[in-house]
Amino acid sequence: MLAIAALSEVKAITQEEIIPLLNACFKAVFYLPPEEDLDIHLYSHTLRAMDSMLQMLLVSHCTSSNEELRNILEVLTRFTSTQNKTVQARALNRVWKLSYFVTRGFWQESFAKFVPPSQRTNIICMTLEAIGECSAEDREWASLMLDVVLRDPVSWMMDVPEILEFIWRNLGSNSTSLQPTLYTVLDVLTNQFPRDVLISVLTDLPHSDSTTMDIWKRMLSLAENSEVILDVLCSVLQDQELCGIFNVTPAELGLLRLTVVHPTEENLQELCKPAVLQRLLKIESLPILWLVLRGLVLLSERPETAIGIRDLLPDVMETLRFANTSIALKASKISRNVMTHVGKREARPIVVELAEKLLPLFSHVSSEVREGSILLFKDVMEAAVWWQKRNMRKTVHRGLLPLLFQMSDETPSVAEASGEALVRCAKFLNWKELKRQAKRKGKMEIKECLLRQDRQTANEYLWLSLPYLQNSQASLRYEAVEFIGLALQHSGHQSREKLNVICSALQPLRGDAHPAVRSVATGVIQKCQGQKAEPTRRRFKGLCCWPC
């Protein structure tokens, strides 16, 4: 490599002769064994010699350096496209250092123009991956390369769908270290190519994915501070081809432009078209649903428009099937606002259906969703009239155990709301003892009260409590284990198979991070094992008493 640099410096070698020599050098060095298997001093010296050679080739051919750089990068990028990760990383590192040398040198043209167009997106993606995974030194070089890209997005970010798909895939991974960088790239991409990015999110990314929703919200936050992006969004929402994908008319989808502009009296009146909004609520796309719900939140905050969307609440609650926190927050907020503004009488036609939809939200990952759904459940019970109570009793009974457990929620407001809702449930069911204990907030007494009904009910509660053993909150796991221990006493004899299921569910908690959970789980497991042994002891005792 030093010889090639020297020959180049004295013009003793032509460009045509340099290319095969470069290819041979790259192949010999890039395909060396992994770094940990090499003499690190000699290996580092070899890489420095290669970088020096590449820089000398450019400097010594200053009159044709553009062509020389293009030739070097054409050869280098062949190695960045291989399946061998080690070879990729070594070739990419040379590209980074060349980009730094060129951008700090005498070149007036963009570095991207010397990189084959088909390889530019590949280099961006590999550089981003390296920022999240490589050593501190390589991360610094990768960051310098990313700066080159972000300063010239028009030349580099030509393939919007592929870059956006890379961002989506990596935002959805468990790694959080790369997320700020990915969002920075997304911001630049959106500001530079707003229409392409908006269309790509709505058509290329998975419609029902939470990461797609995160990307969409990020873009909408940029639109709030950019008239250009906002105008493009309004135009995209009336795009004929996009409307065809969602099977709606441009006039219908275009209505959603009113959800991202200033909510004037005139805009809200135009937005309040329940039939159209109901049709849009059927679209299987989280970004579109988020806009629809955003508009419904605005309408639900005003008494005069809240009554117009009352009949949409079942459709609003149906969006909970996507299990997305942003959607759930808006759905619960809309329902509470409507219930508040329209009054109990107007809300009665939907209370039974609404109550059923709320139960799964009591254990939602978002404390805000948990609290909102529990408070709304309380409002729904108060709105029910006598002829609805028969249909609601089963739903209210199903809410007792979740509310008991949520009384131990680590978020105080959720715990408080759960206690209040449990009192309201007891009143609804005309259950005086439960109401008394719920008012006193005696959790153990409430458990006993629920389990004393009959053995069948105790057995049902036992099985309903098992999912709470996997709850992220230690306080709820503890309550669930303690409840299972009590339920075993009240539910009568369990088969060996059922006891094995319970023990298997409890077993992981013997290694729980919280000592109290470990302790109570160990005790209940021992109780289960004791019950499994009882039939054997009874049979043995029977044999001993058999007459001679």
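Just so we're clear, the structure is a prediction, and the values are computed from it rather than from any experiment. We number each residue from 1, following the sequence as shown.
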Exercise. Among all residues two or more places apart in sequence or in another chain, which pass the salt bridge (Lys or Arg N to Asp or Glu O under 4.0 Å) test with Glu433?
Worked result: Arg436
For this session: Before accepting this row, confirm whether a basic side-chain N of the pair Arg424/Glu420 lies closer than 4.0 Å to the acidic partner's carboxylate O.
Result: no
Exercise. Is there any ring pair (Phe, Tyr, Trp, His ring centres under 6.0 Å) pair reaching into residues 417-442, and which pairs are they, with sequence neighbours excluded?
Worked result: none
For this session: Find the distance between CZ (Arg336) and OG (Ser373) and round it off to the nearest 0.5 Å.
Result: 10.0 Å
Exercise. Are the side chain of Ser519 and the backbone N or O of Pro515 linked by a donor-acceptor pair below 3.5 Å?
Worked result: no
Exercise. Only one of Lys443, Met444, Gln473 forms a side chain to side chain contact (heavy atoms under 4.5 Å, CB included) with Glu479, so which one is it?
Worked result: Lys443
Exercise. Between atom CG of Leu499 and atom OG of Ser504, what is the distance when rounded to the nearest 0.5 Å?
Worked result: 10.5 Å
Problem set entry | Ser465: partners by side-chain hydrogen bond (donor to acceptor under 3.5 Å, both in side chains), with sequence neighbours left out | none
Exercise. Minimum heavy-atom separation for Pro402 to Phe362, with atom names?
Worked result: CB-CD2, 3.9 Å
For this session: Quick one: pull up OG1 in Thr325 and CE in Met213 and give me the separation to the nearest 0.5 Å.
Result: 11.0 Å
Problem set entry | Euclidean distance, Leu128 CG relative to Ile163 CD1, rounded to 0.5 Å | 8.5 Å
For this session: Please check if the side chain of Asp315 supplies one atom and the backbone of Lys282 the other of a donor-acceptor pair under 3.5 Å.
Result: no
Exercise. Under a 4.5 Å cut-off applied to non-hydrogen side-chain atoms, are Leu146 and Thr184 in contact?
Worked result: no
For this session: Report the C-alpha distance between Leu220 and Leu233 in whole Å, list the side-chain angles of each, state the deciding distance to 0.1 Å, and finish with yes or no for side-chain contact (heavy atoms from CB on, under 4.5 Å).
Result: CA-CA 9 Å; Leu220 266 286; Leu233 174 61; 3.7 Å; yes
Problem set entry | Verdict with reasoning, Arg294 to Glu224, per salt bridge (charged side-chain N to carboxylate O under 4.0 Å, His left out) | CA-CA 14 Å; Arg294 179 180 170 128; Glu224 290 174 358; 3.5 Å; yes
For this session: For residues Leu186 and Leu164, determine if any side-chain heavy atom of one lies less than 4.5 Å from a side-chain heavy atom of the other.
Result: yes
Exercise. Got a sec: does the NZ of Lys378 have more than 12 other heavy atoms crowding it under 6.0 Å?
Worked result: yes
Problem set entry | With sequence neighbours excluded, residues passing salt bridge (Lys or Arg N to Asp or Glu O under 4.0 Å) with Glu270 | Arg257
For this session: Give a yes or no answer on whether the side chain of Ser221 reaches the backbone of Arg218 with a donor-acceptor pair at less than 3.5 Å.
Result: yes
Problem set entry | By side-chain hydrogen bond (donor to acceptor under 3.5 Å, both in side chains) - contacts of Ser418 (at least two apart) | none
Exercise. With the threshold set at 4.0 Å, does a side-chain nitrogen-carboxylate oxygen contact exist between Glu482 and Lys447?
Worked result: yes
For this session: Using the side-chain contact (heavy atoms from CB on, under 4.5 Å) rule, take Asp512 and Tyr478 through it: C-alpha gap first, then chi angles, then the decisive distance, then the call.
Result: CA-CA 10 Å; Asp512 197 274; Tyr478 179 88; over 6 Å; no
For this session: Report the distance from atom CG of Leu404 to atom CG of Leu476, rounding to the nearest 0.5 Å.
Result: 9.0 Å
Exercise. How would you list, by chain and number, every residue that makes a ring pair (Phe, Tyr, Trp, His ring centres under 6.0 Å) with Phe405, sequence neighbours excluded?
Worked result: Tyr468, Phe483
Exercise. Heavy-atom distance under 4.5 Å between the side chains of Lys357 and Glu318, does that happen here?
Worked result: yes
Exercise. Are Ile288 and His207 close enough that some pair of their side-chain heavy atoms sits under 4.5 Å apart?
Worked result: no
Exercise. Can you check whether Asn324's main-chain N or O pairs, donor with acceptor, with Ser210's side chain at less than 3.5 Å?
Worked result: no
Exercise. Sequence neighbours excluded, which residues qualify as salt bridge (Lys or Arg N to Asp or Glu O under 4.0 Å) partners of Lys273?
Worked result: none
Problem set entry | Any Ile309 side-chain heavy atom under 4.5 Å of Val316 side chain | no
Problem set entry | Validation row: Leu237, Leu291 side chains within 4.5 angstrom (heavy atoms) | yes
For this session: With salt bridge (charged side-chain N to carboxylate O under 4.0 Å, His left out) as the test, would you mind laying out the steps for Lys441 and Glu416 before giving the verdict?
Result: CA-CA 10 Å; Lys441 300 182 181 179; Glu416 184 68 24; 3.3 Å; yes
Problem set entry | Closest non-hydrogen atom pair, Gly485 against Val524 | CA-CG2, 3.9 Å
Exercise. Checking Thr411 side chain against Val414 main chain: does a donor-acceptor pair fall under 3.5 Å?
Worked result: no
Exercise. Who pairs with Glu227 by salt bridge (Lys or Arg N to Asp or Glu O under 4.0 Å), at least two apart in sequence or on another chain?
Worked result: none
For this session: Quick one: which residue pairs count as a salt bridge (charged side-chain N to carboxylate O under 4.0 Å, His left out) with a foot in residues 453-469, not counting sequence neighbours?
Result: none
For this session: Taking the side chain as every heavy atom from C-beta outward, state whether Phe193 and Met157 have any pair of such atoms under 4.5 Å apart.
Result: yes
Problem set entry | Pair Thr121-Glu162, side-chain donor/acceptor within less than 3.5 Å | no
Problem set entry | Carboxylate-amine/guanidinium proximity below 4.0 Å for Lys333 and Glu368 | no
Exercise. Between Gln453 and His490, is any side-chain donor less than 3.5 angstrom from a side-chain acceptor?
Worked result: no
For this session: Start with the C-alpha distance between Ile502 and Ile525, add both sets of side-chain angles, then the distance that settles side-chain contact (heavy atoms from CB on, under 4.5 Å), and finish with yes or no.
Result: CA-CA 8 Å; Ile502 295 168; Ile525 289 171; over 6 Å; no
Exercise. Stepwise, does the side-chain contact (heavy atoms from CB on, under 4.5 Å) test hold for Met392 with Val380?
Worked result: CA-CA 10 Å; Met392 277 192 65; Val380 165; 3.9 Å; yes
For this session: Name all pairs fulfilling the salt bridge (charged side-chain N to carboxylate O under 4.0 Å, His left out) condition that reach into residues 394-403, sequence neighbours left out, sorted by first residue then second.
Result: Glu356-Arg398
Exercise. For the atom pair CD (Glu353) and OG1 (Thr395), what is the distance rounded to the nearest 0.5 Å?
Worked result: 11.0 Å
Seminar exercise, completed: Shortest non-hydrogen pair, Phe377 vs Cys425, comes out as CE2-SG, 3.8 Å
Exercise. With distance as the sole criterion, is a donor-acceptor pair present between the side chains of Trp168 and Asp209 under 3.5 Å?
Worked result: yes
Exercise. Who pairs with His397 by ring pair (Phe, Tyr, Trp, His ring centres under 6.0 Å), at least two apart in sequence or on another chain?
Worked result: none
For this session: Would you name the heavy atoms of Leu354 and Ser335 that are closest together and state the gap between them?
Result: CD1-OG, 4.2 Å
For this session: Only counting residues at least two apart or in another chain, list the ones meeting side-chain hydrogen bond (donor to acceptor under 3.5 Å, both in side chains) with Lys427.
Result: none
For this session: Quick one: closest heavy-atom pair of Ala480 and Leu469, and the distance?
Result: CB-CD2, 4.0 Å
Seminar exercise, completed: On a heavy-atom basis, the closest approach of Ala415 and Asp409 is CB-O, 3.8 Å
Exercise. Would you say the side chain of Arg195 lies within less than 4.5 Å of the side chain of Leu198, judging by non-hydrogen atoms?
Worked result: no
